[in-house]
Amino acid sequence: QSATASQFSNKSPHNATKQTDNIKSFASVSSLSKCSGSVLLETATVIASSPSCRNSTKCRVLFDSGCQKTFITEELRSKLHLKAIRTEILGVNIFGGGIIDPSTHDVVQLCLQNRSGGPTIELEAIVTTKICSNVRIENIELVAEKHEHLSHLTLADTYHDLPTDADISILIGLNYYWTIIDGEVIRGSKSNELVALSSKFGYIVSGPSSATLQTSMQVDTTKETMTY
């Protein structure tokens, strides 16, 4: 994110005025590195639908027990033709102690369902432009086959059944986390192995993966110049 530069005016002992000229410039820094492992986040592929079930689509969900609220992207909201049931003024705390200025967001109702069918879960979600950067897509079935304690499980997120748009469209916060998570935990014999957590969408696999991956990072900066 780009920080907005502030304006300053200070008086010197000789009553001279110091003026600040804000010049925004965006520098993009790319870094490509290779590491020996990655971490699988708690994700699932589900069927999302409007409350009336007239509109439905497959999408990816990210579970985050460190988030209080549940969110949906504006793109998915538009696909499902979800109407706002109310609005909320929301200020988001970000890493490092910063806070994004409070803004008004629509709140919508929708339903989630296992890809193989079954009962639907009704929830409310706050509409936002984007939830997160792209989450790396792992061939999770192939990874699970390498772990005896995971090989027999029905997984919530599968590589062969990903939606066309594999970006995260819904973030499940703690207000619905335990409505969906059943609580059964399956661990391997080693402390650093992947862990499976049962849910209404199948088993959610997370933890350190031994797969080698390439990562990239992009950073935007804003520069500020001062004149006297």
Side-chain angles (χ1 to χ4, degrees), residues 1-4 24 26 41-137 156-158 161-183 197-202 204 206 218 220 222:
Q1 294 183 346
S2 299
T4 303
K24 296 179 70 176
F26 299 90
L41 302 179
E42 294 182 348
T43 59
T45 299
V46 303
I47 301 297
S49 64
S50 58
S52 64
C53 296
R54 290 182 180 178
N55 306 294
S56 63
T57 187
K58 191 185 299 180
C59 69
R60 291 189 80 207
V61 173
L62 174 66
F63 294 84
D64 186 356
S65 60
C67 183
Q68 296 176 341
K69 302 283 188 175
T70 293
F71 295 86
I72 181 173
T73 62
E74 181 64 57
E75 183 179 0
L76 180 57
R77 182 253 186 106
S78 298
K79 285 183 180 179
L80 300 178
H81 302 286
L82 302 177
K83 296 181 179 180
I85 59 173
R86 66 176 185 276
T87 59
E88 284 192 15
I89 298 175
L90 185 68
V92 180
N93 293 310
I94 58 177
F95 182 79
I99 185 169
I100 300 175
D101 290 338
S103 56
T104 302
H105 296 259
D106 286 344
V107 178
V108 298
Q109 286 182 322
L110 70 152
C111 298
L112 300 182
Q113 187 181 34
N114 192 309
R115 287 171 291 117
S116 61
T120 59
I121 299 171
E122 296 182 358
L123 50 83
E124 296 181 359
I126 298 171
V127 180
T128 185
T129 304
K130 190 175 182 64
I131 289 175
C132 63
S133 300
N134 295 341
V135 174
R136 180 174 180 268
I137 299 173
D157 208 2
T158 58
D161 200 22
L162 288 173
T164 304
D165 180 4
D167 290 350
I168 298 298
S169 299
I170 297 174
L171 184 145
I172 302 294
L174 201 53
N175 56 340
Y176 289 105
Y177 187 91
W178 292 112
T179 301
I180 299 171
I181 301 298
D182 294 333
L197 187 62
S198 65
S199 78
K200 291 179 172 57
F201 304 140
I204 299 170
S206 63
Q218 193 174 52
D220 289 331
T222 300

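All heavy atoms count here, side chains included; hydrogens, waters and symmetry mates do not.
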Just wondering, do Asp167 and Arg60 contact through their side chains at under 4.5 Å, heavy atoms?
no
Between the OG atom in Ser199 and the CD atom in Glu42, the distance rounded to the nearest 0.5 Å is 9.5 Å
When rounded to the nearest 0.5 Å, the distance separating CG of Leu62 from CD1 of Ile168 is 5.0 Å
*asked:* Between Lys58 and Thr45, is there a side-chain heavy-atom distance shorter than 4.5 Å?
replied: yes
### Validation row: Phe63, Ile180 side chains within 4.5 angstrom (heavy atoms)
yes
Side chain to side chain contact (heavy atoms under 4.5 Å, CB included) test vs Thr120 passes for just one of Pro51, Ser56, Cys111, namely Cys111
Is there a side-chain contact between Glu74 and Thr129 in this structure, where contact means two heavy atoms from C-beta onward sitting under 4.5 Å apart? no
So salt bridge (charged side-chain N to carboxylate O under 4.0 Å, His left out) across residues 122-133, not counting sequence neighbours, yields Arg86-Glu124
- Hey, does Leu110 have a side-chain heavy atom less than 4.5 Å from the side chain of Ile170? yes
Are any non-hydrogen side-chain atoms of His81 and Arg54 less than 4.5 angstrom apart? no
_So Leu171 and Cys132, do their side chains get closer than 4.5 Å, heavy atoms only?_
no
Output for pair (His105 NE2, Leu90 CG), nearest 0.5 Å, gives 5.0 Å
Taken in chain and number order and not counting sequence neighbours, the residues that satisfy salt bridge (charged side-chain N to carboxylate O under 4.0 Å, His left out) with Asp106 are Arg77
With sequence neighbours left out, the residues meeting side-chain hydrogen bond (donor to acceptor under 3.5 Å, both in side chains) with Ser50 are Ser52
| query | Between the side chain of Gln68 and the main-chain N/O of Gly173, is any donor-acceptor distance below 3.5 Å? | reply | no
The reported gap from CD1 in Ile131 to SG in Cys67 (rounded to nearest 0.5 angstrom) is 9.5 Å
Separation between OH (Tyr177) and CG (Asp64), nearest 0.5 Å, reads 8.5 Å
Any heavy-atom pair between the side chains of Leu112 and Ile172 that's under 4.5 Å? yes
Distance col, row Thr158:OG1 vs Arg115:CZ, nearest 0.5 angstrom, shows 4.0 Å
